[in-house]
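Each chain gets a letter, A, B and so on, in the order the sequences are listed, and its residues count up from 1.
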2 protein chains.
Amino acid sequence: MRVAFATIWCYDALMTLQPSEETIQAWIQLHKSQRMLLERVELALKKNGLPPLDWYDVLLELSRDTDSGLRQYEIGQRMLLSKHNLSRLIDRLEKNRLVRRDACAEDGRGNRIRIAEEGKALLGKAWPVYRKALQDNFGEKLTPAEMIELARLLGKVSKRS
Amino acid sequence: MRVAFATIWCYDALMTLQPSEETIQAWIQLHKSQRMLLERVELALKKNGLPPLDWYDVLLELSRDTDSGLRQYEIGQRMLLSKHNLSRLIDRLEKNRLVRRDACAEDGRGNRIRIAEEGKALLGKAWPVYRKALQDNFGEKLTPAEMIELARLLGKVSKRS
DNA sequence: TCCAATTAGTTGCAAATGCAACAAGATAAG
DNA sequence: CTTATCTTGTTGCATTTGCAACTAATTGGA
């Protein structure tokens, strides 16, 4: 029993107290890759005179609910943006006439954000550039099976404890 | 031969022009996961009165070359930080006496950054917190084999074209 | 009904980031 | 040797982010 106890103790110490070497490598790689890819894709967008990726993401979410629009907190949840930040991101989009911010009927505090015609137009113009940058910098680096596996692993990793 | 040609064409169109659905899912998941994990770990650091992760990363790099120190551009390459940004990050660290910035003997333009005693102390104080946050939020979510596979896939993805 | 607690969103202020221009030392070509 | 070019790093300015405090509307009890 002594051996088993020692084994359990070691296992516990190694598995829960200390991140393994593999864990640390994956952690570093995760941040490096994400940063590098984002930088490259953003650069491609900018070179073609297009706004940053955040704008695209918001517009894309909104384009899925053209009629009813979305509440700000809904966009925030989907994009993982804090509310104050989102508030000002919407300001910018509104100023550029890409979205409209209407008072909300069922909740006097909030507003409904809807994509405007110019917003749709921008989506259409940006997608070819985004698509190419995405494929060149990311898509073609892995086989379809690897891509599915990557998404699965990342999904597991971001599950709340 | 017509068929083969058509096949090739389709393949080309699908594989290089258009990111597949799997690619898009993995792309979204990559950014969501990274953002979420970073947020959680940064929060843990802050709750314990520790500085942001960037500080830790720089100090860690420097702690590997205690004697000779590192040039700023070397740190920049390893951490994927732009030079102007790094310049000011070092300013902050220097102001907090965590590093020293000495004139560089072999190149009059640059300087060598060395970790100071207080920097080492901070590393020691931060690691237990960082380690726990890393393990709880990331390490324990995957098996060791999955972790290795994740690092491998991310590595492939960030190879320059 | 009335009041406390929660939620949605905004705003002021400080800190961090990106961009472009810059200074100054190194390098290479003539 | 001289001059043009490249590299390393800094700085000013505008934009963006994070934090905390705030308003206003909703919800849920007593």
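Using a 4.0 Å cut-off between a side-chain N of Lys or Arg and a carboxylate O of Asp or Glu, A:E94 and A:R88 do not qualify as a salt bridge.
Cluster annotation: A:V99 and A:Y56 are assigned to the same hydrophobic cluster (Ile/Leu/Val/Met/Phe/Trp/Tyr, side-chain heavy-atom contacts under 4.5 Å, transitive).
In the interface, the side chain of B:R112 is not paired with the base of D:dG9 through any donor and acceptor atom under 3.5 Å apart. The base of C:dG9 has none of its N or O atoms less than 3.5 Å from a complementary donor or acceptor on the side chain of A:R88.
Side-chain contact annotation: A:Q25 with A:Q29, donor-acceptor N/O pair under 3.5 Å absent.
The shortest distance between the side-chain N/O atoms of B:R92 and the OP1/OP2 oxygens of C:dA16 is below 4.0 Å. For B:S87 and D:dG9, the shortest distance from a side-chain N or O to OP1 or OP2 is not below 4.0 Å. Between A:N85 and C:dG9 there is no side-chain polar atom (N or O) within less than 4.0 angstrom of OP1 or OP2.
A straight line from CG of A:L93 to C1' of D:dT16 spans 14 Å, rounded to a whole angstrom. A:E74 places its CD atom 12 Å from the C1' atom of C:dA8, with the value rounded to the nearest Å. Put simply, CD on A:Q77 is 12 Å from P on C:dT7, counting in whole angstrom units. When the P atom of C:dA15 is taken as reference, atom CG of B:L89 falls 15 Å away, rounded to whole Å. Distance CG (A:D91) to P (C:dG9): 13 Å, rounded to an integer number of Å. The distance from atom CG of A:L81 to atom P of D:dG18 is 8 Å, rounded to the nearest whole Å.
Taking CD of A:E42 as the reference point, atom CG of A:L37 lies at 12.0 Å (rounded to 0.5 Å). Within the model, atoms NZ of B:K32 and CE of A:M79 stand 9.5 Å from one another, a figure rounded to the nearest 0.5 Å.
A:N111 comes within 4.0 angstrom of sugar-phosphate atoms only, judged by non-hydrogen atoms across all strands, and of no base.
Closest approach to the A:H84 side chain among C:dG9, C:dT11, D:dT10 is made by C:dT11 (side chain taken as heavy atoms from C-beta onward).
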Name each donor-acceptor pair under 3.5 Å that joins a side chain in residues 67-77 of chain A to protein atoms two or more places apart or in another chain, with its distance.
residue : atom : partner : partner atom : Å
A:Q72   : OE1  : A:R101  : NE           : 3.3
A:Q72   : OE1  : A:R101  : NH2          : 3.4
A:E74   : OE1  : A:R71   : N            : 2.8

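Partners of A:K120 under the side chain to side chain donor-acceptor pair (under 3.5 Å) rule, at least two apart in sequence or in another chain, are A:E117.
Near DNA chain C, defined here as any heavy-atom distance below 4.0 Å, the residues from residues 96-109 of chain A are A:R101, A:R109, listed numerically.
Where A:K83 and B:R71 meet DNA chain D, the nucleotide closest to each residue was compared, and B:R71 sits on the side nearer the 5' end.
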